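Here's the structure, in structure tokens; my notes come after.
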Amino acid sequence: MHPKSDFLNILNERGFIHQATDFEALDVRMAQGPLTAYIGFDATASSFHVGSLVQIMILYWLQQTSNKPLVLLGGGTTKIGDPTGKDESRKLLNDDEIQKNIKSLSRVFERALTFGKGPKEAVLLNNAKWIDTLNYPDFLRDYGIHFTINRMLTFDSVRLRLDREHPMTFLEFNYMILQAYDFLELYKRYECCLQIGGADQWGNIINGVDLVRRVSHKTVFGLTTPLITTTSGAKMGKTSQGAVWLNADLLSPYDYWQFWRNTEDKDVGRFLRLFTILSLKEITKLEKLEGSEINEAKKILADAATAFLHGEEAVQEARTTAQELFENHSLNLEEAVLPTIVLTKEELETGVPLIDLLCRLSLTNSKGEARRLIEGGGARLNDAPLKDKLFNLTIASFESQPILKLSAGKKRHGLIKKR
RNA sequence: GGAGGGAUGGCCGAGCGGUCAAAGGCAGCAGACUGUAAAUCUGCCGACGAACGUCUACGCAGGUUCGAAUCCUGCUCCCUCCA
């Protein structure tokens, strides 16, 4: 497969393509000149996590290849709840929560995309704008007529539920119609003729393609990306501390950097292609590294992925801290970007239990967990294992240094300062 | 409307009056080995407490019992069959 258009060529080389409605025709169209494409996102949480990063990268590449990306945040559709891939309906969010989520979600695009009114500038949209004002009977007459139940029942999102004998409400059943309508609306407003989404969105996407053809008699396209898992088959990005969030207030750039640094060997090449904007030439070179040398590639992956999201400055901080922490074992505690707590004089006089410190630094989620960590030998103060679960931190510990490092295991660390 | 089956910890799934904070698996955490990898082995894996322990938890609300995830009643939701 050798696509003629820059965009599809890049996507193809980097492993972004799973399925397309008419790949050849789309390629011809894209080779002719810029086009407008959209990706829709749910507003069910206040931040994206790494699972959505593939789509964000694609928006970036769209813009880099002179196409116009539309970012659609589903203020309207989130109220319905996408049943795709779920066995049970989600609890519904109210308008307030959705509004807040949209605001918080949209920040992620600031660094990846340039927004504006120009031909290749991105536009951020909220489908509540057209969905909230729909009139039920009119909508049914104008668009309901284009959907048959027979066909709707064959879509995975519906069929799997039915097969498993799980209930699907009429509300959820309508989701695909509304997503199809989004595509039509964007076609009319922006001449958007390509929708991209994850592999699970295929059904929703082809419904949109069909609707545009039926209503406007135009051919538009759909393209899906593969579901990204690690080589071990696990879905990417969950830890005991929660999901790998993209917003810095939920996951610090340092932790984000660490996430990529800890990539499995076998995933490095694939992830470099997908989640960084490094040239393929460079990636090919990095992929050839073997044995422990592949760690260099992992660092570059972490740098590049973090830079894309959080900027160069955050990378420097994260990398310096990581290097001192893991390689030189000489952490400059003054400048390290680790979670930090500051203890008052009074606290140090009475003494602060080690267990509390672990919790306050979010190294453990409960006191019991902290206790177990200590018992298991995973707690360290300035790299010295601390097996006394009743240990009390007092001013005495600060005698030789002003800042202490507290660790849970070899990878998670926090700092303790005194006022 | 009638008859029957079901709802268990983040997920899957056993338990069917005491020995149940609930088998087993997955996920997660820590230790060992390594390369901040994988695989493997070991330990941990509801909350609080130094600890005897206390509290919360087997859909919800009551009840029987010395004692209930387990029995009874009502309710909610799901499934199957009949109308």
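Numbered from 1 within each chain, the chains take letters A, B, ... in sequence-line order. The figures here come from the full heavy-atom set of this structure, side chains too, leaving out hydrogens, waters and symmetry mates. For clarity, every value in this text was computed on a predicted model and none was experimentally measured.
When each of A:F308, A:F275, A:F16 is paired with A:Y60, the ring-ring contact (aromatic ring centres under 6.0 Å, His included) condition holds for A:F308 and for no other. With respect to A:E347, the salt bridge (charged side-chain N to carboxylate O under 4.0 Å, His left out) criterion is satisfied by exactly one of A:R419, A:R360, A:K417, A:K418: A:R360. For the pairing with A:L406, the side-chain contact (heavy atoms from CB on, under 4.5 Å) check across A:L393, A:L358, A:L338 returns one residue only, A:L358.
Taking the six-membered ring wherever Trp is involved, the centroid distance between the rings of A:Y175 and A:F155 does not fall below 6.0 Å.
One C1' atom belongs to B:C82, the other to B:C12, and the distance between them is 33 Å to the nearest Å. Look at the C1' atom in both B:G18 and B:C71: the space between them is 14 Å, to the nearest Å. For the P atom pair drawn from B:G63 and B:U54, the interatomic distance equals 23 Å after rounding to whole Å. Nucleotides B:G67 and B:C33 are separated by 49 Å at their C1' atoms, to the nearest Å. For the C1' atom pair drawn from B:A30 and B:U36, the interatomic distance equals 15 Å after rounding to whole Å. Here the separation of B:A7 from B:A69, taken at their C1' atoms, is 12 Å to the nearest Å. The separation of B:U40 from B:A27, taken at their P atoms, amounts to 10 Å, rounded to a whole angstrom. Remark: the separation of the C1' atoms in B:C26 and B:C45 is 13 Å, to the nearest Å.
Atom CD in A:E296 sits about 14 Å away from atom C1' in B:A37, given to the nearest Å. Between the CG atom of A:L272 and the P atom of B:A37 there is a distance of 18 Å, rounded to whole Å. Nucleotide B:C48 holds its P atom 9 Å from the CD1 atom of A:I355, rounded to whole Å. Computed from coordinates, the A:E375 CD to B:A51 C1' distance equals 12 Å when rounded to whole Å. Distance CD (A:E264) to P (B:U36): 16 Å, rounded to an integer number of Å. One atom, CD1 of A:I374, and another, P of B:A30, lie 14 Å apart when rounded to the nearest Å. As a whole-Å value, the separation of A:E369 CD from B:G28 C1' is 9 Å. In this structure, the CZ atom of A:R270 is 15 Å from the P atom of B:A38, given to the nearest Å.
The two residues A:P3 and A:N12 have their closest heavy-atom pair at CD-ND2, 3.7 Å.
At least one side-chain nitrogen or oxygen of A:K410 sits closer than 4.0 Å to the OP1 or OP2 atom of B:A32. Residue A:R371 places no side-chain N or O under 4.0 Å from the OP1 or OP2 atom of B:A30. The phosphate of B:C44 has neither OP1 nor OP2 within less than 4.0 Å of any side-chain N or O from A:K389. OP1 or OP2 of B:C48 has at least one side-chain nitrogen or oxygen of A:S366 nearer than 4.0 Å.
When atom types are taken as modelled, the side chain of A:D27 and the backbone of A:K4 share a donor-acceptor pair closer than 3.5 angstrom.
Taking a pair to require two hydrogen-bonding distances under 3.5 Å in either a Watson-Crick or a G-U wobble arrangement, B:A69 remains unpaired. Nucleotide B:U19 is matched to nothing when pairs are restricted to Watson-Crick or G-U wobble geometry with both distances under 3.5 angstrom. Nucleotide B:C41 forms a Watson-Crick or G-U wobble pair with B:G31, both donor-acceptor distances falling under 3.5 Å. Base pairing analysis places B:A47 opposite B:U54; the two distances defining the Watson-Crick or G-U wobble pair are each below 3.5 Å. Across all strands shown, B:C77 pairs with B:G6; the Watson-Crick or G-U wobble distances both stay below 3.5 Å.
With B:C48, B:C29, B:G35 as the choices, the nucleotide that has an atom nearest any side-chain atom of A:K367 turns out to be B:C48. Nearest nucleotide to the A:A322 side chain, out of B:A30, B:A32, B:U36: B:U36. Listed candidates were B:A30, B:C45, B:U36. Nearest to the side chain of A:R372 is B:C45. Closest to the side chain of A:R412, from the set B:U36, B:C29, B:G35, is B:C29. With distances taken from any side-chain atom of A:R380 to the nucleotides B:G31, B:A37, B:C48, the minimum falls on B:G31.
Positionally, the nearest nucleotide of RNA chain B for A:G377 lies more toward the 5' end than for the other of A:G377 and A:Q258. Ranked by how close their nearest RNA chain B nucleotide is to the 5' end, A:G378 and A:D356 are led by A:G378.
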- Task: Report the C-alpha separation of A:F173 and A:F147 in whole Å, then their side-chain angles, then the decisive distance to 0.1 Å, and conclude whether the ring pair (Phe, Tyr, Trp, His ring centres under 6.0 Å) test is met.
- Result: CA-CA 12 Å; A:F173 188 58; A:F147 294 86; 9.9 Å; no

- Check the pair A:R270 / A:D267 against salt bridge (charged side-chain N to carboxylate O under 4.0 Å, His left out), numbers first and verdict last. CA-CA 5 Å; A:R270 197 161 51 103; A:D267 290 328; 2.9 Å; yes

Look for any protein N or O under 3.5 Å of an N or O in nucleotides 52-56 of chain B and output each such pair with its distance, or none.
none

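At the heavy-atom level, A:L325 lies nowhere under 4.0 Å from the strands shown.
A:Y256 and A:W260 have perpendicular rings, their planes meeting at more than 60° on a 0 to 90° scale where under 30° would count as parallel.
Side-chain contact annotation: A:Q195 with A:Q201, donor-acceptor N/O pair under 3.5 Å absent.
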